[in-house]
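Working notes for the structure below.
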Amino acid sequence: MIDILVIGSGPAGYTAAIYAVRAGYKVKLITGNQDGGQLTITSFIENYPGFSEKISGPQLMTQMRRQAENLGVEVEYDVIESVDFSGKPFFCKGEAGNSYESRAVIVATGANAKWLGLESEDRYKNRGVSACATCDGFFFKNKIVAVIGGGNAAVEEAIYLTNFASKVFLIHRRDSLRAEKIMQARLMENPKIEVVWNSRVAEILGDEKKVTGVLLENSGELRKIELDGVFVAIGHAPATEIFRGKLDLDEGGYIVVDGTKTSVKGVFAAGDVCDPIYRQAIVSAGQGCKAAIDADRFLSIES
């Protein structure tokens, strides 16, 4: 029997596990598909307290995992495919066939990248279409690429890709960016980046083997840009599909919480899975800490 099962391995999940195990509980953390969460596809982090020099997302998450394991957290590389919160203990089943029973659960499954929804996008995924510049940027050395989006993630990916690509188009459907001003300034100062305003991707073009360009639409007019890769950075959706009908979700699919308490007593949530606003690693870590403390108080009363 596990005292606290943590589902998810981003800053919220690992922080929750660290605090929970230090409170004296038997804690198991299920990593999900991507150990480290979204930060593993983030190039460099400059605003996470405690690091005087910038640190890469993968490095930060490796540090968190090692800290958790050193303290006694059992890290399980599995993906939860179903949950049963109807009684105690709580029951979760993994894709590998493993079953997990626990007295409390902390959900920290985060969010996943959104896609454009084009048939041509699906056709060329992993053949020039990607949602991870850190993962795939290296394969576009001295090539021309485009980033789709206008927020912090899109701007960061565009800047990061200039380390490899000869030219980067940032394609945005509006006439202004949503990214932070300091990020916009860095973008505009980079000679390799060209912003394409008021345009949406109508189709991703290719030769059936790889991407060769994009077809853009602007006020009814079409424009073709020849390029080698497309990186989609238009936001994320919470990873809550397995919790539908099990926990209360809002219109966007985010878990509804009171602090970190969900609609089921003994089940808590932290991080981007319940936060559509801030979406910052430090906020997720703070929520993970709160979830662990709330779980501790719950178990203290229950026992």
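Note that the structure is a prediction, hence the values are computed from the model and not measured.
- Heavy atoms from other residues, nucleotides or ligands lying under 6.0 Å from CZ of Arg297 number 12 at most.
- With hydrogens and angles disregarded, a donor-acceptor distance shorter than 3.5 Å links the side chain of Lys192 to the backbone of Thr162.
- Looking at every heavy atom in both residues, Trp115 comes nearest to Ser130 through CH2-C, 3.9 Å.
- With hydrophobic clusters built from ILVMFWY side chains whose heavy atoms lie under 4.5 angstrom apart, Val75 shares a cluster with Tyr25.
- Side-chain contact between Arg223 and Val214 is absent, with no heavy atoms from C-beta onward closer than 4.5 Å.
- At distances below 3.5 Å, at least one donor-acceptor pair connects side-chain atoms of Tyr124 with backbone N or O atoms of Glu208.
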Q: Given salt bridge (charged side-chain N to carboxylate O under 4.0 Å, His left out), test Lys261 with Asp294 step by step and report yes or no.
A: CA-CA 8 Å; Lys261 298 174 184 176; Asp294 287 343; 5.7 Å; no
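- Donor-acceptor pairing under 3.5 Å is recorded for the side chains of Asp78 and Tyr100.
- No salt bridge links Lys125 with Glu121; every basic N to acidic carboxylate O contact stays at or beyond 4.0 Å.
- The side-chain heavy atoms of Ser199 and His172, taken from C-beta on, include no pair separated by under 4.5 Å.
- A salt bridge is absent between Glu302 and Arg103: the closest approach of a Lys/Arg side-chain nitrogen to an acidic carboxylate oxygen does not fall below 4.0 angstrom.
- The neighbour count for Tyr278 OH, taken as heavy atoms of other residues, nucleotides or ligands under 6.0 Å away, does not exceed 12.
- A donor-acceptor pair is defined here as one N or O able to donate and one able to accept, closer than 3.5 Å; such a pair exists between the side chain of Ser9 and the backbone of Thr31.
- The cluster map of Ile, Leu, Val, Met, Phe, Trp and Tyr, joined by side-chain heavy atoms under 4.5 Å apart, puts Val273 and Met64 in different clusters.
- Formation of a donor-acceptor pair under 3.5 Å by the Asn98 side chain with backbone atoms of Gly94 is not found in this model.
- In this structure a side-chain-to-backbone donor-acceptor pair under 3.5 Å is present from Thr109 to Ala239.
- Summarising the local packing, NZ of Lys88 is surrounded by more than 12 heavy atoms from other residues, nucleotides or ligands at distances under 6.0 Å.
- A donor-acceptor distance shorter than 3.5 angstrom exists from the side chain of Gln59 to the backbone of Ser56, with no hydrogens or angles considered.
- Figure legend: Lys93 and Phe91 shown without cation-pi pairing, the cationic atom not lying both under 6.0 angstrom from the six-membered ring centre and within 45 degrees of its axis.
- The existence of a salt bridge linking Glu46 and Lys54 is excluded, since no basic side-chain nitrogen approaches an acidic carboxylate oxygen closer than 4.0 Å.
- Looking only at distances, a side-chain donor or acceptor of Thr262 sits under 3.5 Å from a matching main-chain atom of Val267.
- Listed for the Glu76 side chain is no donor-acceptor partner under 3.5 Å among the backbone atoms of Ile30.
- In Lys143, the NZ atom is not crowded: 12 or fewer heavy atoms of neighbouring residues, nucleotides or ligands sit closer than 6.0 Å.
- Between Gly13 and Leu29, the shortest heavy-atom contact is O-CD1, 3.6 Å.
- Under the 30°/60° scheme for interplanar angles, the aromatic rings of Phe85 and Phe243 are found to lie parallel.
- Few gaps surround CG on Asp207; more than 12 heavy atoms of other groups in view lie less than 6.0 Å from it.
- Proximity of Val129 to Val211: side-chain heavy atoms (C-beta onward) are separated by under 4.5 Å at one or more points.
- When the side chains of ILVMFWY residues are joined at heavy-atom separations under 4.5 Å, either directly or via intervening members, Leu222 and Leu118 end up in two distinct hydrophobic clusters.
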Yes or no on ring pair (Phe, Tyr, Trp, His ring centres under 6.0 Å) for Phe140 and Phe164, after CA distance, side-chain angles and deciding distance? CA-CA 6 Å; Phe140 294 90; Phe164 309 101; 9.3 Å; no
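- Judged purely by distance below 3.5 Å, without hydrogens or angles, the side chains of Asp275 and Tyr254 never pair a donor atom with an acceptor atom.
- A donor-acceptor distance shorter than 3.5 angstrom exists from the side chain of Ser120 to the backbone of Ile204, with no hydrogens or angles considered.
- Within the 4.5 Å cutoff, no side-chain heavy atoms of Pro58 are placed close to those of Leu39.
- Asp3 has no carboxylate O lying under 4.0 Å from a charged side-chain N of Lys26, or vice versa, which leaves the two without a salt bridge.
- Val105 has its side chain out of reach of Val264: every pair of non-hydrogen atoms, C-beta onward, lies at least 4.5 Å apart.
- There is a path of hydrophobic side-chain contacts, each under 4.5 Å, that joins Ile80 to Val107.
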So Asn47 and Gln280, side-chain contact (heavy atoms from CB on, under 4.5 Å) or not? Walk me through it.
CA-CA 10 Å; Asn47 57 1; Gln280 298 295 310; 3.8 Å; yes
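- Within 6.0 Å of atom CZ in Arg123, more than 12 heavy atoms from other residues, nucleotides or ligands are found, so the atom counts as buried in its surroundings.
- Considering every non-hydrogen atom in both Ala113 and Ala131, the closest pair reads CB-CB, 4.0 Å.
- At a cut-off of 3.5 Å, with distance as the only test, a side-chain donor of Gln34 or Thr40 sits close to an acceptor on the other residue.
- The backbone N or O of Tyr160 sits less than 3.5 Å from a side-chain atom of Asn163, completing a donor-acceptor pair.
- Leu249 and Val256 end up in different hydrophobic clusters when Ile, Leu, Val, Met, Phe, Trp and Tyr side chains are linked at under 4.5 Å.
- Of all non-hydrogen atoms in Glu217 and Ala202, the two that sit nearest each other are CB-CB, 4.4 Å.
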